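Read the structure below first, then the notes.
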There are 2 protein chains.
Amino acid sequence: MRAAVLHAPGDVRVEQRPDPTIEQPTDAVIRLAATCVCGSDLWPYRGIEAVAGPTPMGHEYVGVVEEVGSAVTMLQPGQFVVGSFFASDNTCEICRAGYQSRCVHAEPMGAIGTQAEYARVPLADGTLVATPDTPSDDLVPGLLAASDVLGTGWFAAVAAEAGPGRTVAVVGDGAVGLLGVLAARQLGAERIVVFSRHADRQALAREFGATDVVTTRGDEGVAELEELTGGLGAHSVIEAVGTQESMMQAIRATRPGGHVGYVGVAHDVALPGDELFFSGVHLHGGPAPVRRFLPELIELITTRAIDPGRVFDLELPLEQAAEGYRAMDERRAIKTLLRP
Amino acid sequence: MRAAVLHAPGDVRVEQRPDPTIEQPTDAVIRLAATCVCGSDLWPYRGIEAVAGPTPMGHEYVGVVEEVGSAVTMLQPGQFVVGSFFASDNTCEICRAGYQSRCVHAEPMGAIGTQAEYARVPLADGTLVATPDTPSDDLVPGLLAASDVLGTGWFAAVAAEAGPGRTVAVVGDGAVGLLGVLAARQLGAERIVVFSRHADRQALAREFGATDVVTTRGDEGVAELEELTGGLGAHSVIEAVGTQESMMQAIRATRPGGHVGYVGVAHDVALPGDELFFSGVHLHGGPAPVRRFLPELIELITTRAIDPGRVFDLELPLEQAAEGYRAMDERRAIKTLLRP
């Protein structure tokens, strides 16, 4: 099959790789209907995370079940399925508490690579959620978003306790931040303030439900947010970047007793204990347990209540994955969808 | 009046200070029935926090209202009252959300100093809670504990979401940690594991409701806790120390999706963002909003449902405050009660 492989920073190639097969009785093999490039794929692409030799890329996926292992009971070939970037058994105590990304048997799909024609999905019964019917083609981008960026933005909004009567601020105007806006709106937030300096992203944020845009950032952005909130700060802050600056901006933008939901993968972050202590905020985040939200998100998408697929502003054939990475790296695209 | 003043590390003196008076119409002046030495008083006593000249000490207090300002409507002279270490208006948006220690008008009682015969209490209506009657003398230590260490341990247990079906671990066997055990028990926790290497503290922890004692700490302690919890870690962890080691122990002892309630005042702590991210825990803490819990705690104490005063294992006249500090510093006492 054809698959995207990162050879070195900036060097993504689509090349021949072995077709995946059932390795464990709990596996499924799916044929990808669509996949995409994640903001987190840019860390190794930019050389900020080390690349140890040729690495299959991608962890977001929707597709059709081709084959299932002998122990798979809830899925049949031909079903259209959505999965998360961590395979999970969905039965262990951690999964049942809603933290499937930390399942005791979790396997990262990124190690398998879903920017490809086919993918093996471990723990298929626990990982994959089938759509009610085969979705029409225009729903595919939204379902693909559910696989990671929507599920992650949704988790951030839930972790930040976005809801009725709440002012929610969003740090980060990438796909996850923008879908955090959408999630906060769906969860009933009263006011949604997005930090963004890019006109196209501001426009999409407003379409998704943002009520205010703050174009400054860091402490200047926090001061502007405080002016909007009677000096108190937001009740709920979504952090979707993962840098020291964005984390401190999120913490400082939150009122005492408020909630920070952080989902930007932390890079070189060290939180000062004394400032965190006296901030009095709640802090929760990490790799989103997307599986927890998939049934609800699939329903919202297939009934057309939400249209998260709008974050894909570039669609390319898988063969052009390299251009898909470049466009995101250069901020010409918010998010690139790849069609195998 | 007589009052304890810290002149330099290790140098606490009880000396003459001006009697407090009503300065603002919202003030009250109380005559202290009892006060005490806090673990946090030991930071400047040990020279870990700088001491800028002679400093009045103490922020825990119960006593009798002597005089109230003209704007005080809910208290009368003669009432027995309990207050928290932050004066708060109890009416602002932050207070109403339950974060009185971060009231928009908060004033730290530590800057006033309650290791004294009398104290001025700002924002008296919002800060002080009267007991139903003048309590009998044996209830005074418990009510004094409510003023800080019980209220703080209680907040930590609430922040850690201790409750039915939960395994709670407690890092720190000082007064706050021990009362965190008591709080977790009251909140219905199924299992309470205390980290402690001191036989007297272990014994009190067991009286307060601890079911297990782990005598190791750091990563070794975490490994032992994991063995007790099927490899998963605790649902809820109370952190009551405030060092890098204790914070990391608390985070590592918590299962993914679990809750850390941290109340040890952070000293030289920097939380590594990547480890925190992948831990998937909830983190909440800071200066406890003790005022939120005072009505409930006063009822539990005056009806003798709980006896938090047991953490005071040394009682001295105020004049011997210096010995009270020494005994805590040398770990001869868990907590010293001072009678003015």
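Lettering follows sequence order; numbering is per chain, from 1. None of these values were measured; they are calculated from a predicted model.
Most heavy-atom pairs under 4.5 Å with chain A, from the set B:Asp274, B:Val104, B:Leu276: that is B:Leu276. By number of non-hydrogen pairs under 4.5 angstrom with chain A, the leading residue of B:Gly280, B:Gly242, B:Pro287 is B:Pro287. Contact count versus chain A (heavy atoms, under 4.5 Å) is highest, among B:His267, B:Arg255, B:Met247, B:Gln244, for B:Arg255. Between chain B and the options A:Gly264, A:Gly231, A:Gly257, heavy-atom pairs under 4.5 Å are most frequent for A:Gly257.
Here the closest non-hydrogen pair linking B:Arg102 and A:Ser279 is NH1-O, 3.3 Å.
Within a 6.0 Å sphere centred on CZ of B:Arg217, other residues, nucleotides and ligands contribute 12 heavy atoms or fewer.
Using a 4.5 Å cut-off between heavy atoms, A:His235 touches chain B through its side chain atoms alone. With a threshold of 4.5 angstrom between heavy atoms, B:Tyr99 approaches chain A through side-chain atoms but not through N, CA, C or O. Proximity to chain A (any heavy atom under 4.5 Å) is shown, for B:Ala270, by both the backbone and the side chain.
In this structure, A:His282 and B:His284 have parallel ring planes: the angle between them is below the 30° cut-off, well short of the 60° mark.
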